[in-house]
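Reviewing the structure listed below.
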Amino acid sequence: LTGSMRLVERFQGMHALVTGGSSGIGRSCVLALVDEGAHVTAAGRDEGRLHEARDSSASPGHVRVDTADLSDPAQARRVAEDALAAMGSIDVLVNAAGVALDAGVLDITERDWRTTLDLNLDAGLWISQVVARPRSSMDASTAWRRSRRPTSSPFRCRSGAHCARH
């Protein structure tokens, strides 16, 4: 951090959507974002663990829990749409949902492979599309104008997270 900016101010008043928010990197992101002032929607399959993450955060009232199977495209899109409806905007998107196959290459079934790709790869795309979609004709116009300038983009992309609107 530069100057006197405190960590708590970095995400103050921002809205975040974190997939995989019940464990691992996703849970850590939920806790860190709340610590730094964000309001967060934590999404994942395990409702109990999502509530545990919320309750262990610095400000449980700043965490909204959404239980869904993100490997299902309809549920993945719904999570993003519901987060937008609840928060009004999403400033930060962390696509951290994922699973690891626990089988040797010769033992992986077609169904296991498809499910892994649906969650680890496709869910992030479906959610990112909803978040990136302009909310109004004014948003669409602004996004188009920004995209025409080579040094500006309507989206910020950072390591560990997919694109987030700014």
Query raised in the report: Should Ile127 and Val99 be regarded as members of a common hydrophobic cluster, given that ILVMFWY residues are connected when their side-chain heavy atoms come within less than 4.5 Å of each other, either directly or indirectly?
Result: yes

Report task. Report yes if some heavy atom in the side chain of Asp82 is under 4.5 Å from a heavy atom in the side chain of Arg64; otherwise report no. Result -> yes

Report task. Specify the closest pair of heavy atoms between Ala58 and Asp35, including all atoms of both residues, with the distance to one decimal. Result -> CB-OD1, 3.1 Å

Query raised in the report: Would you say Arg45 has more than 12 foreign heavy atoms packed within less than 6.0 Å of its CZ?
Result: no

Query raised in the report: Going from CG on Asn95 to CG on Asn120, what distance comes out if it is rounded to the nearest 0.5 angstrom?
Result: 11.0 Å

Query raised in the report: Distance from His39 atom NE2 to Ile90 atom CD1, nearest 0.5 Å?
Result: 14.0 Å

Report summary line: Between Val94 and Cys29, the two heavy atoms sitting closest are CG1-SG, 3.9 Å

Requested in this report: Starting at CZ of Arg54, measure out to CD of Glu47 and round the result to the nearest 0.5 Å.
Outcome: 9.0 Å

Query - Leu31-Val18 co-clustered via ILVMFWY side chain contacts under 4.5 Å - result: no

Requested in this report: Answer yes or no: is there a side-chain heavy-atom contact under 4.5 Å between Asp122 and Pro73?
Outcome: no

Report task. Answer yes or no: is there a side-chain heavy-atom contact under 4.5 Å between Arg133 and Leu84? Result -> no

Report task. Might you point out which heavy atoms bring Leu70 and Gln75 nearest each other, and give the distance in Å? Result -> CD2-O, 4.4 Å

Query - Beyond-backbone contact of Arg78 with Asp66, side-chain heavy atoms, under 4.5 angstrom - result: yes

Query raised in the report: Once you round to the nearest 0.5 Å, how far does CG of Leu50 lie from OG1 of Thr41?
Result: 11.0 Å

Report task. Hey, could you give me the CZ/CZ distance between Arg27 and Arg49, rounded to the nearest 0.5 Å? Result -> 8.5 Å

**Report entry** Heavy-atom pair with the smallest gap, counting every atom of Gly21 and Ala53
**Finding:** O-CB, 3.6 Å

Report task. Search all heavy atoms of Asp91 against all heavy atoms of Gly13 and return the closest pair with its distance. Result -> OD2-O, 4.5 Å

Report task. Considering non-hydrogen atoms only, spot the tightest contact between Ala68 and Val79 and give its length. Result -> CB-CG2, 3.5 Å

Report task. Would you list the pairs meeting side chain to side chain donor-acceptor pair (under 3.5 Å) in which at least one residue belongs to residues 15-25, sequence neighbours left out? Result -> His15-Ser89

Query raised in the report: Distance from Thr115 atom OG1 to Glu110 atom CD, nearest 0.5 Å?
Result: 10.5 Å

Query raised in the report: Above 12 or not: heavy atoms from other molecules or residues under 6.0 Å from CG of Asp102?
Result: no

